Protein chains: 2
Amino acid sequence: MTDKHGHEAPRMSTRARLRAAGLRPTRQRMALADLLFANGDRHISAEILHNEAVSASVPVSLATVYNTLHQFTRAGLLREVALDGTKTYFDTNTTNHHHFFLEDDNLMFDVPEDALRLDRLPEPPEGMEISRVDVVIRLRRVRS
Amino acid sequence: MTDKHGHEAPRMSTRARLRAAGLRPTRQRMALADLLFANGDRHISAEILHNEAVSASVPVSLATVYNTLHQFTRAGLLREVALDGTKTYFDTNTTNHHHFFLEDDNLMFDVPEDALRLDRLPEPPEGMEISRVDVVIRLRRVRS
DNA sequence: ATTTGTGCAAATCGTTTGCATCTGA
DNA sequence: TCAGATGCAAACGATTTGCACAAAT
């Protein structure tokens, strides 16, 4: 029921959620939203989501998936994740949190809230303000 | 004169520095290394470096710039910087440090050492170890 | 009826690669 | 000499865009 950052809608229908975001609840957007938000926090690329949609017998074009992901992001339903890789990932968790990144598998997952604390954030330069702080903890397999 | 991480060579000639890295001091590599390391810490993309080289009357192909940047990175002279943008940036400061990122201008610069402290780093999952922690502080202009 | 969304294919952009040619040791 | 570098152009992979068609209000 929390209305804190992100995760705004408590248990709203997908349709209502889209409406609330000012987006027409079209077939494709409904389907993509369901895929995205049904199973908790996800970190997903356009390609993966497209595959899932097609597998779920929801024919959508890759272009539309891209469009939709960006619209959702603009609407605050998703957050774009910073990674050096060539691909862009979208995070269904829009609250402030950080990430582990498993270099070997190009896999990313959340750092448990409050498992990490930032101390002494630096003063931003004159005329600037901090818009966000992203922390990525890169992991590698322990070599035997 | 410090020999701490990165910035290994105190006042070594470019030639010697390349040799030490196991790279043949070719015309192009010498020129690129000079551009990169002459003026302190830089955050540079392949395209920018290529432009600079050409401007400096050092004809190099963009492909060679890419190759060289990666070789330098492998040799520990550079560090690849994680950003969500489409472009890859290379940092001439290979020590552990973090970055400000000015979203409006796609510009990045270092956070003064120790201006930021990470407290309570989370335990990495079983069988994994932390290879690196990247912090990016996103800045935006203060709107009047 | 109008507005907005969608699909397709072509276009873009950063980056990489194949290969013939040069260069430094 | 000859392994290693370089340049060029073509190849690539992710993302975007233009435009005709379809769907939502």
Side-chain angles (χ1 to χ4, degrees), chain A residues 13-35 43-54 56-75 77-78 80-90 106 108, chain B residues 13-35 43-54 56-75 77-78 80-90 106 108:
Chain A
S13 74
T14 302
R15 167 166 259 103
R17 186 193 286 242
L18 290 179
R19 279 253 158 64
L23 294 170
R24 278 197 197 168
T26 66
R27 235 181 273 309
Q28 292 81 338
R29 296 215 265 237
M30 295 281 286
L32 294 177
D34 282 341
L35 287 170
H43 305 85
I44 203 173
S45 69
E47 200 190 352
I48 304 284
L49 183 57
H50 182 240
N51 287 342
E52 289 191 4
V54 172
S57 306
V58 181
V60 203
S61 75
L62 185 53
T64 296
V65 172
Y66 274 107
N67 289 337
T68 303
L69 286 172
H70 286 132
Q71 290 157 354
F72 284 9
T73 300
R74 251 177 272 122
L77 300 174
L78 291 176
E80 212 166 331
V81 182
L83 259 207
D84 53 283
T86 57
K87 276 191 187 142
T88 305
Y89 282 80
F90 294 86
N106 237 58
M108 102 181 311
Chain B
S13 74
T14 302
R15 168 166 256 104
R17 184 192 287 242
L18 291 179
R19 278 252 159 65
L23 296 169
R24 276 199 200 166
T26 65
R27 231 181 276 308
Q28 291 82 338
R29 295 215 265 238
M30 294 280 287
L32 294 177
D34 283 340
L35 286 170
H43 305 86
I44 202 172
S45 70
E47 200 190 352
I48 304 284
L49 182 56
H50 181 239
N51 288 342
E52 290 191 2
V54 172
S57 306
V58 182
V60 203
S61 74
L62 185 53
T64 296
V65 171
Y66 274 106
N67 289 337
T68 303
L69 285 172
H70 286 133
Q71 290 156 353
F72 283 10
T73 299
R74 249 177 274 122
L77 300 174
L78 292 176
E80 214 165 329
V81 181
L83 258 209
D84 54 281
T86 56
K87 276 189 187 147
T88 305
Y89 282 81
F90 294 85
N106 236 58
M108 103 182 309

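Per chain, numbering begins at 1; letters A, B, ... match sequence-line order. Values in this document were obtained by computation on a predicted structure and should not be read as measured data.
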Is there a side-chain contact between B:Thr68 and B:Gln28 (heavy atoms, below 4.5 Å)? no

Using a heavy-atom distance cut-off of less than 4.0 Å, which residues of residues 21-30 of chain A contact DNA chain D? A:Arg24, A:Pro25, A:Arg27

List in chain and number order the residues that pass ring-ring contact (aromatic ring centres under 6.0 Å, His included) with A:His43, two or more places apart in sequence or in another chain; answer none if no residue qualifies. A:His99

Checking B:Tyr66 now: which residues fulfil ring-ring contact (aromatic ring centres under 6.0 Å, His included) with it, not counting sequence neighbours? none

Using 0.5 Å steps for rounding, measure from the [atom1] atom of [X] to the [atom2] atom of [Y].
X       : Y       : atom1 : atom2 : result
A:Thr88 : A:His70 : OG1   : NE2   : 6.5 Å
B:Ser45 : B:Leu83 : OG    : CG    : 11.0 Å
A:Thr64 : A:Leu32 : OG1   : CG    : 8.5 Å
B:Leu23 : B:Met30 : CG    : CE    : 12.0 Å

Would you kindly give the CZ-to-P distance between A:Phe72 and C:dG5, to the nearest whole Å? 11 Å

Any side-chain N or O of A:Arg19 below 4.0 angstrom from OP1/OP2 of D:dT25? yes

Let me check the geometry of the helix from C:dA1-D:dT25 to C:dA25-D:dT1. What is the bend angle between the axes at its two ends, five pairs each, to 10°? 30°

By nearest-heavy-atom nucleotide on DNA chain C, the more 5' of A:Gln71 and B:Arg15 is A:Gln71

Between A:Phe90 and A:Val81 the two heavy atoms that sit nearest each other are C-CG2, 4.4 Å

Report the residues that fulfil side-chain hydrogen bond (donor to acceptor under 3.5 Å, both in side chains) with A:Glu47, sequence neighbours left out, ordered by chain and then residue number. A:Lys87

List the protein contact pattern of nucleotides 8-19 of chain C with one symbol per nucleotide (5' to 3'): B for base contact, S for sugar-phosphate-only contact, - for none; contact means a heavy-atom distance under 4.0 Å. B-----SBBB--

